[in-house]
Engineer: 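Can you keep this structure in mind? I'll have questions shortly.
Chain identifiers are assigned alphabetically (A, B, ...) following the order of the sequence lines, protein sequences preceding nucleic acid strands; residue numbering begins at 1 within each chain. Quick caveat, the model's predicted, so the values are computed rather than measured.
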Protein chains: 2
Amino acid sequence: MNIGDVAKRTGLPAKTIRYYEEIGLIRPLRDTNGYRVFREADFHKLAFLGRARALGFSIEDCRTLMALYEDEDRASADVKRLAKKHLDQIEEKIAQLQSMQTTLTHLVQECAGDNRPDCPILKDLASG
Amino acid sequence: MNIGDVAKRTGLPAKTIRYYEEIGLIRPLRDTNGYRVFREADFHKLAFLGRARALGFSIEDCRTLMALYEDEDRASADVKRLAKKHLDQIEEKIAQLQSMQTTLTHLVQECAGDNRPDCPILKDLASG
DNA sequence: ATAGGGGTTCCAGTCACGGGAAGGTCAAGG
DNA sequence: CCTTGACCTTCCCGTGACTGGAACCCCTAT
C-alpha cells in the first residue's frame, strides 16, 4: 500500500501519516523509489491512532496506549488510569466551556442586536 | 504603573501583557529608563481583554470587540453577531467533548483495572 | 513527448503565549 | 560606595498537532 491508499482506508490525511512516521509512531518500509510501503500492521496502527485521537487522547498518550497494546504483559490498570485521567480532563474542559456558555447565552439574549450602540455584552466586558 | 503593578491588578502575566503590546492590542507609554508606563486607560483595556479571553474569545475577536467598544457609532448587532458565532463554536465543542465523554465513560467502567492484560479500552481502539 | 496524478523532502505558519538567558535599573542596607 | 535583590528590558526557542506550499521525482497512458 502507498500512502494514498492508507489515507483513504484510515481517513487520515497523508500529511498526518507522514507526521506520525516523523515522530516515530509508525515505521513503514520504503520501496526502491523512495515511496513509503505500508503493511497491514501499519494500517492497523494508524487506525488505532486515528480512533485514539478521535477520543481526544494526546499524541503522547497515543504512544503510551500503543505501547500498552503491544505489551502482552500489560496491566489493564495502566490503561484504565490513563483513560480516566483523560476523561477527567475532558470533564474539566466541558465544565469550563459550559461556564462560558452560560454567561455568553445570557449576554447574547440581553443584547438587542440592532443598529444602536448600546450593548450589554460590551458593558459586561468593560466592567466585569 | 509599571508592568508588575498592572499584572497584579489584572491578573494577567507580565509576559502576556508584553505580548499584547507586541501585537498592537495596547500601546503603553515608555519611561526614560525604557520601562513601560501604563495609564488607567491601558489598565482598563487589559482588564477588558482579560475578561474577553476568559469567555474564550480569540485574540482577533478581542481586537474586534475592543474596536467596537471604542467606536461610539457601533451597531450592537455587530457585537451580538460576533458573540453568537463564538457561542455556537463553544456549543459545538461541548458536543464533541460530550461525545468523547460518553464513550470514554463506558470504556472506563468496563475495564477491570487490575493487573491482567485483558482490556476493553484497548480492544475498542484496536477494532473500532 | 507530454500530461496527469501519484509520491518525496523541507520550510514556514498556526495560536497564545511560556521559559529562560543576558543584561539594565532602582531602592535599601551595611 | 558597594552589594543585594527585586524589578524591568529584549531576544530567541519551544509548545501541539498538524496544514499549506514550494520544488522536485516517479509512473502510466496517450
Engineer: Asn2(B) CG to dT25(C) P: how many Å, rounded?
Structural biologist: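 The answer, rounded to whole Å, is 14 Å.
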Engineer: Could you state the atom-to-atom distance from CG of Asp31(A) to P of dT8(C) in whole Å?
Structural biologist: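 Going from Asp31(A) (CG) to dT8(C) (P), I get 10 Å.
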Engineer: Between dA16(C) atom P and Leu25(B) atom CG, what is the distance in whole Å?
Structural biologist: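 One finds 10 Å between P of dA16(C) and CG of Leu25(B), rounded.
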Engineer: Taking 4.0 Å as the cut-off, does a side-chain nitrogen or oxygen of Arg36(A) come that near to OP1 or OP2 on dG6(C)?
Structural biologist: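 Negative; the distance criterion is not met.
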Engineer: So Ile23(A), base contact, sugar-phosphate only, or nothing? Heavy-atom distance under 4.0 Å.
Structural biologist: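 Here Ile23(A) touches no strand at all.
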Engineer: Charged N to carboxylate O below 4.0 Å: is that the case for Lys123(A) and Glu110(A)?
Structural biologist: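 Here Lys123(A) does not pair with Glu110(A) in a salt bridge, since their nearest N and O are not under 4.0 Å apart.
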Engineer: When rounded to the nearest 0.5 angstrom, what is the spacing between OG1 in Thr16(A) and CZ in Arg53(A)?
Structural biologist: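 Thr16(A) OG1 to Arg53(A) CZ: 9.0 Å, rounded to 0.5 Å.
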Engineer: Base, sugar-phosphate or nothing for Arg18(B)? Non-hydrogen atoms, less than 4.0 Å.
Structural biologist: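 Result for Arg18(B) = base.
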Engineer: By a strict heavy-atom criterion of less than 4.0 Å, which residues belonging to residues 43-69 of chain A are in contact with DNA chain D?
Structural biologist: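 Of all residues in residues 43-69 of chain A, the ones placing a heavy atom under 4.0 Å from DNA chain D are Arg53(A), Ser58(A), Ile59(A).
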Engineer: Looking only at the side chain of Tyr35(A) (C-beta and beyond, no hydrogens), which of the listed nucleotides dT9(D), dT9(C), dC26(D) gets closest?
Structural biologist: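 Shortest atom-to-atom distance from the side chain points to dC26(D).
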Engineer: Please determine whether a side-chain nitrogen of the Lys or Arg among Lys85(B) and Asp88(B) lies less than 4.0 Å from a carboxylate oxygen of the Asp or Glu.
Structural biologist: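 A salt bridge is absent here (no side-chain N lies under 4.0 Å from a carboxylate O).
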Engineer: Check the distance between dT9(D)'s P and Glu22(B)'s CD and give it to me in whole angstrom.
Structural biologist: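 Answer to the nearest Å: 13 Å.
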Engineer: From the set dG18(C), dT25(C), dT9(C), return the single nucleotide nearest to any side-chain atom of Asn33(B).
Structural biologist: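 So the side chain of Asn33(B) is nearest to dT25(C).
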Engineer: Without decimals, in angstroms, what is the distance between Asp5(B) CG and dA6(D) P?
Structural biologist: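 My rounded result for the distance is 16 Å.
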Engineer: With a 3.5 Å cut-off and heavy atoms only, can you find an N or O donor on one side and an acceptor on the other between the side chain of Tyr19(B) and the base of dG18(C)?
Structural biologist: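 In this structure, the two groups form no donor-acceptor pair.
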Engineer: Look at Lys80(A) together with Asp114(B) and state whether they make a salt bridge at an N to O cut-off of under 4.0 Å.
Structural biologist: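 Salt bridge absent between Lys80(A) and Asp114(B).
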Engineer: Quick one: do Asp78(B) and Arg81(B) make a salt bridge, cutoff under 4.0 Å?
Structural biologist: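 Looking at Asp78(B) and Arg81(B), the cut-off is met.
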Engineer: Please give, in whole Å, the distance from dC26(D) P to Ile3(A) CD1?
Structural biologist: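 Interatomic distance, CD1 of Ile3(A) to P of dC26(D): 17 Å.
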Engineer: Once you round it to whole Å, what is the distance between C1' of dA16(C) and CD1 of Ile26(B)?
Structural biologist: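 In whole Å, dA16(C) C1' and Ile26(B) CD1 are 15 Å from each other.
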Engineer: Does this structure show an ion pair linking Glu21(A) with Arg18(A), if we count only N-O contacts that are shorter than 4.0 Å?
Structural biologist: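 So Glu21(A) does not pair with Arg18(A) through a salt bridge.
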Engineer: Rounded to the nearest 0.5 Å, how far apart are OH of Tyr69(A) and CG of Leu122(B)?
Structural biologist: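 Nearest 0.5 Å value for the OH-CG distance: 8.0 Å.
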Engineer: In whole Å, I'd like the distance from the CD atom of Glu21(B) to the C1' atom of dA16(C).
Structural biologist: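 After rounding, the gap between these two atoms is 16 Å.
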Engineer: Of the nucleotides dC18(D), dG20(D), dG18(C), which one has an atom closest to the side chain of Lys15(A)?
Structural biologist: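 Within the option list, the nearest is dG20(D).
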Engineer: Does a side-chain N or O of Tyr20(B) approach OP1 or OP2 of dC17(C) to a distance below 4.0 Å, or not?
Structural biologist: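 Yes, Tyr20(B) has a side-chain N/O under 4.0 Å of OP1/OP2 on dC17(C).
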Engineer: By nearest atom, which of the nucleotides dG18(C), dC8(D), dC17(C) is closest to the Pro13(B) side chain?
Structural biologist: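 Selected nucleotide: dG18(C).
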